[in-house]
Structure formats: C-alpha cells, structure tokens
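Worksheet for the structure shown next.
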Amino acid sequence: MKSNCSTLALTAAALSIRSALSFAPTSSTHHHSTTTTTTTTTTSSSTALPAVINKDFGRAVTCAEHFGMCDVDELVSLADKLDDLEGCVYEDGKEMCDKEESDRRDIAETLRMSAELQLRMDYLKKANLFVEDVHKELEMEQVVSSWDEYKDKHGMGLGLW
C-alpha cells in the first residue's frame with residue numbers, strides 16, 4: 001500500500017509532461033506485464049500517465065508526418081520527449097522492443113530535421129542576401145524582356161534616339 005501511495009503522490013507532483021515522461025518506462029512496462037492483476041489504485045495511476053504520453057506520441061507522429069504543421073519549438077520539445085523516454089511503451093520482447101526504440105529515435109530525428117529545415121526556410125525567405133540579389137536580377141531581366149517585347153511590337157526598336 002505504501003508503494004501505491006508513493007506512486008500516486010509522484011503522479012500528482014508530475015505537473016509537466018517531461019515529469020510524466022520520466023515515469024513512463026516503469027509505468028508502461030509494468031502495465032504490459034500485469035494487465036490482469038492490478039489493483040484499482042495502480043490501474044488509475046498507470047493509465048493516467050500513458051494517456052498524457054500517448055497525446056504527446058500522437059502529436060509527435062502528426063508533426064513528423066505533416067511538414068510545416070508544427071512550429072520549431074514544439075518540434076524540438078516533442079523530439080526531446082521521445083529521446084528522454086527509455087524502454088518500450090507498446091511492444092514486448094527484445095527484438096520488437098528494440099525496433100520500437102529505434103523507430104521512436106527515428107521520429108525524434110525527423111522532428112529535429114523538420115525544425116532545422118523550417119529555420120533554414122525562414123532565413124531563406126527573410127534574410128538570405130543571395131536570394132534577394134537573385135530575385136532582383138530576375139525582376140530586372142523580366143523588365144528588360146518586357147520592354148524589348150514592347151519595342152518590337154510597336155516598332156520602337158529602329159527609331160533614332
């Protein structure tokens with residue numbers, strides 16, 4: 001009974017998702033191994049944490065699958081949460097657990113790459129001098145080309161100036 005009270009006290013103290021994630025490996029592993037023999041207090045404690053974690057997992061997968069949907073800070077935060085998690089949440093057995101961990105690290109890396117690409121694209125659009133110069137050059141070429149077409153169309157190319 002003392003360990004159930006400790007678990008409940010720790011769960012109540014876990015106000016941030018990072019705190020909840022630090023408890024995930026023991027809760028989720030314990031949850032998988034004792035699905036048929038848990039007490040009411042243990043069940044409510046162990047199902048509360050995976051609900052919070054599963055929300056983050058869902059958001060991480062959604063952000064990884066849809067580039068540009070999530071902002072840079074959220075991408076980095078979700079990647080950190082995935083990296084901080086140890087052990088398996090969904091799979092049992094060494095081989096499947098290793099695959100889950102590897103795939104989770106892959107999602108975290110994808111989130112970080114998306115964040116980096118968003119930052120680079122933002123810089124490209126707002127501050128890259130080369131891009132600005134190329135756009136100016138292309139605009140000037142278009143103006144000259146439009147002027148040349150206008151002169152050819154209206155016979156202004158052969159006149160004396």
Side-chain angles (χ1 to χ4, degrees), residues 1-139 142:
M1 185 67 174
K2 186 174 184 179
S3 68
N4 287 342
C5 292
S6 300
T7 303
L8 289 174
L10 289 173
T11 303
L15 298 175
S16 70
I17 293 178
R18 184 171 296 280
S19 296
L21 283 172
S22 68
F23 294 108
T26 56
S27 296
S28 60
T29 305
H30 183 265
H31 178 68
H32 279 290
S33 63
T34 59
T35 54
T36 57
T37 57
T38 55
T39 62
T40 306
T41 40
T42 304
T43 303
S44 65
S45 170
S46 65
T47 56
L49 290 176
V52 170
I53 293 168
N54 284 337
K55 181 181 174 190
D56 287 336
F57 287 170
R59 186 66 178 164
V61 169
T62 299
C63 290
E65 291 177 331
H66 303 284
F67 178 76
M69 181 176 165
C70 305
D71 66 32
V72 171
D73 292 334
E74 182 178 20
L75 291 168
V76 172
S77 174
L78 289 168
D80 288 344
K81 289 174 186 177
L82 291 177
D83 280 341
D84 288 346
L85 189 63
E86 294 178 10
C88 289
V89 177
Y90 298 109
E91 301 298 332
D92 292 322
K94 175 148 178 51
E95 186 177 324
M96 293 306 293
C97 183
D98 290 346
K99 172 95 170 101
E100 177 185 330
E101 289 176 323
S102 173
D103 288 350
R104 191 173 60 234
R105 285 189 303 271
D106 185 57
I107 294 295
E109 183 179 342
T110 299
L111 293 171
R112 284 195 178 84
M113 289 170 55
S114 293
E116 181 178 351
L117 185 57
Q118 282 185 20
L119 289 172
R120 288 175 177 254
M121 292 299 295
D122 191 47
Y123 174 77
L124 185 77
K125 291 176 184 175
K126 295 179 181 175
N128 189 298
L129 182 62
F130 181 76
V131 169
E132 185 179 328
D133 290 341
V134 168
H135 283 293
K136 285 179 184 176
E137 182 69 25
L138 291 174
E139 281 180 29
Q142 188 174 7

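If you're wondering where the values come from, they're calculated on a predicted model, not measured in any experiment.
In this structure the side chain of Y90 never reaches within 4.5 angstrom of the side chain of M96, judged on heavy atoms. Side-chain contact between E91 and D103 is absent, with no heavy atoms from C-beta onward closer than 4.5 Å.
Shown here are the side-chain hydrogen bond (donor to acceptor under 3.5 Å, both in side chains) partners of D122, two or more places apart in sequence or in another chain: K126. By the side-chain contact (heavy atoms from CB on, under 4.5 Å) test, V61 pairs with E65, sequence neighbours left out. Residues that satisfy the side-chain contact (heavy atoms from CB on, under 4.5 Å) test with L119, not counting sequence neighbours, are V72. For M121, the side-chain contact (heavy atoms from CB on, under 4.5 Å) test picks out L117, L124, K125, with sequence neighbours left out. Under the rule for a side-chain contact (heavy atoms from CB on, under 4.5 Å), the partners of H135 that lie at least two apart in sequence or sit in another chain are V131. Residues meeting the side-chain hydrogen bond (donor to acceptor under 3.5 Å, both in side chains) test with E100, sequence neighbours left out: R104.
Remark: side-chain polar atoms of E101 are not paired, donor with acceptor, to backbone N or O of E86 under 3.5 angstrom. Counting only distance, with no hydrogens or angles, the side chain of T62 and the backbone of G58 share a donor-acceptor pair below 3.5 Å. Remark: the backbone N or O of D98 is not paired with any side-chain donor or acceptor of S102 at under 3.5 angstrom.
Taking each heavy atom of A60 and L82 in turn, the nearest pair found is CB-CD1, 3.9 Å. For R59 against C70, the heavy-atom pair with the smallest separation is NH2-SG, 3.5 Å. The two residues L75 and C63 have their closest heavy-atom pair at CD2-CB, 3.7 Å. The two atoms that bring C97 and G87 nearest to each other are SG-C, 4.4 Å, heavy atoms only. Of all heavy-atom pairs spanning A64 and L111, the tightest one is N-CD2, 3.6 Å.
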Check the pair Q118 / F67 against side chain to side chain contact (heavy atoms under 4.5 Å, CB included), numbers first and verdict last.
-> CA-CA 9 Å; Q118 282 185 20; F67 178 76; 3.7 Å; yes

Please step through salt bridge (charged side-chain N to carboxylate O under 4.0 Å, His left out) for the pair K136 and E132, ending with a clear verdict.
-> CA-CA 6 Å; K136 285 179 184 176; E132 185 179 328; 3.3 Å; yes

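Comment: R105 does not engage E109 in a salt bridge, judged by the lack of any side-chain N to carboxylate O separation of less than 4.0 angstrom. One finds a salt bridge joining R120 and E116 here, because a Lys/Arg side-chain nitrogen approaches an Asp/Glu carboxylate oxygen to under 4.0 Å.
Interatomic distance, D133 CG to N128 CG, rounded to the nearest 0.5 Å: 9.0 Å.
In this structure, M113 places its CE atom where only 12 or fewer heavy-atom neighbours from other residues, nucleotides or ligands lie under 6.0 Å away.
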